[in-house]
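Some notes on the structure that comes next.
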Amino acid sequence: MSTRVLFGGAVALILLALYVYLVFHGLLIVRCVTAGGDCTAADFKQTMAAALAMIGGLVSALVIAELSVTEPGKTPAARVLSADSSTAAKSGLKVVAFVYLAVWLATGLAAFVFASLQHPETLQPLTDLGQSWLGLAVAAAYAYLGIDPSRRTNG
């Protein structure tokens with residue numbers, strides 16, 4: 001693999017880690033506030049809210065972009081490997097791609113269910129992220145499956 005691919009992959013993983021940290025930090029604050037603990041929504045600083053919005057958008061954009069160029073049933077990002085790549089490299093890429101998507105799905109779903117559905121008034125940045133994540137998850141599915149909602153079939 002090229003240095004460019006390794007660097008891009010490292011940046012993508014760092015962004016995902018920051019995304020997970022911010023979402024779960026927000027979820028802990030929501031849990032504390034709703035349980036009557038010694039915390040407030042202000043404990044989620046404005047810089048955290050801005051970072052969550054930006055990083056959440058970047059991670060989601062990467063997921064949608066990658067899924068839009070991946071054939072259904074194929075491993076996302078497999079095109080970065082050469083045809084003569086080792087089986088270990090191909091297997092490793094499958095694991096990393098699966099884990100990345102699974103973490104993005106689980107984290108976004110947690111924000112959507114816990115913040116947007118159960119406690120929408122508690123921490124607005126997390127509620128907003130959960131709601132936008134749902135739309136982005138649908139877009140990601142459309143991109144991967146090649147669904148074009150604007151095309152209609154006569155039936």
Side-chain angles (χ1 to χ4, degrees), residues 4-81 91-152:
R4 180 177 168 205
V5 170
L6 290 174
F7 179 75
V11 168
L13 290 172
I14 290 168
L15 288 173
L16 183 66
L18 289 170
Y19 173 70
V20 169
Y21 167 76
L22 289 167
V23 168
F24 280 96
H25 184 70
L27 291 172
L28 289 174
I29 290 173
V30 169
R31 183 174 171 217
C32 177
V33 168
T34 57
D38 187 24
C39 56
T40 67
D43 292 335
F44 197 79
K45 308 290 184 211
Q46 286 183 337
T47 54
M48 295 172 118
L52 178 61
M54 181 180 63
I55 294 169
L58 290 171
V59 169
S60 296
L62 175 64
V63 167
I64 292 169
E66 191 55 45
L67 290 177
S68 69
V69 296
T70 302
E71 292 181 41
K74 301 286 183 181
T75 302
R79 69 188 187 299
V80 301
L81 296 176
S91 296
L93 181 65
K94 281 183 181 182
V95 168
V96 169
F98 175 78
V99 168
Y100 197 94
L101 290 172
V103 168
W104 176 77
L105 282 168
T107 305
L109 186 60
F112 177 70
V113 171
F114 195 68
S116 296
L117 295 181
Q118 295 179 351
H119 307 286
E121 304 296 323
T122 307
L123 187 59
Q124 196 60 47
L126 197 57
T127 298
D128 294 343
L129 178 91
Q131 291 171 346
S132 64
W133 174 86
L134 180 63
L136 293 167
V138 170
Y142 278 7
Y144 183 62
L145 299 173
I147 298 170
D148 183 356
S150 65
R151 280 193 321 176
R152 294 158 60 135

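These numbers come from a predicted model, not from an experiment.
- Considering only heavy atoms from C-beta on, Leu105 comes within 4.5 Å of Trp133 through its side chain.
- For Tyr21, the ring-ring contact (aromatic ring centres under 6.0 Å, His included) partners two or more places apart in sequence, or in a different chain, are His25.
- For Ala12, the side-chain contact (heavy atoms from CB on, under 4.5 Å) criterion is met by Leu62, Tyr100, not counting sequence neighbours.
- Summarising the geometry, atom CD1 belonging to Ile55 is positioned 5.5 Å from atom CG belonging to Leu22; distances are rounded to the nearest 0.5 Å.
- Among residues two or more places apart in sequence or in another chain, the side-chain contact (heavy atoms from CB on, under 4.5 Å) test is passed with Ser68 by Ala143.
- No side-chain heavy atom of Phe114 sits less than 4.5 Å from a side-chain heavy atom of Val23.
- In this view, Phe112 satisfies the ring-ring contact (aromatic ring centres under 6.0 Å, His included) rule with no residue, not counting sequence neighbours.
- Residues meeting the side-chain hydrogen bond (donor to acceptor under 3.5 Å, both in side chains) test with Ser60, sequence neighbours left out: Trp104.
- Qualifying side-chain contact (heavy atoms from CB on, under 4.5 Å) partners for Leu58, counting only residues two or more places apart in sequence or in other chains: Leu15, Met54.
- The number of heavy atoms from other shown groups lying within 6.0 Å of CZ (Phe24) is above 12.
- Every residue meeting the side-chain contact (heavy atoms from CB on, under 4.5 Å) condition with Val103, not counting sequence neighbours, appears here in chain and number order: Leu16, Val20, Val99, Thr107.
- Thr70 has its side chain within reach of Tyr144: a pair of non-hydrogen atoms, C-beta onward, lies under 4.5 Å apart.
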N/O donor-acceptor pairs under 3.5 Å from side chains in residues 27-34, not counting sequence neighbours:
unit_1: Thr34; atom_1: OG1; unit_2: Val30; atom_2: O; d: 2.9
unit_1: Thr34; atom_1: OG1; unit_2: Arg31; atom_2: O; d: 3.2

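- Taking every heavy atom of both residues into account, Leu123 and Ala41 meet most closely at CD1-O, 3.7 Å.
- The side-chain hydrogen bond (donor to acceptor under 3.5 Å, both in side chains) check on Gln131 picks up nothing, with sequence neighbours excluded.
- The side-chain heavy atoms of Glu66 and Val63, taken from C-beta on, include no pair separated by under 4.5 Å.
- In this structure, Leu129 and Gly56 approach most closely via the heavy-atom pair CD1-CA, 4.3 Å.
- When all heavy atoms of Asp43 and Met48 are compared, the pair lying nearest together is O-SD, 4.1 Å.
- In this structure, the side chains of Phe44 and Leu52 come closer than 4.5 Å at one or more pairs of heavy atoms.
- Put simply, OG on Ser116 and CG on Leu134 are 8.5 Å apart, with the number rounded to the nearest 0.5 Å.
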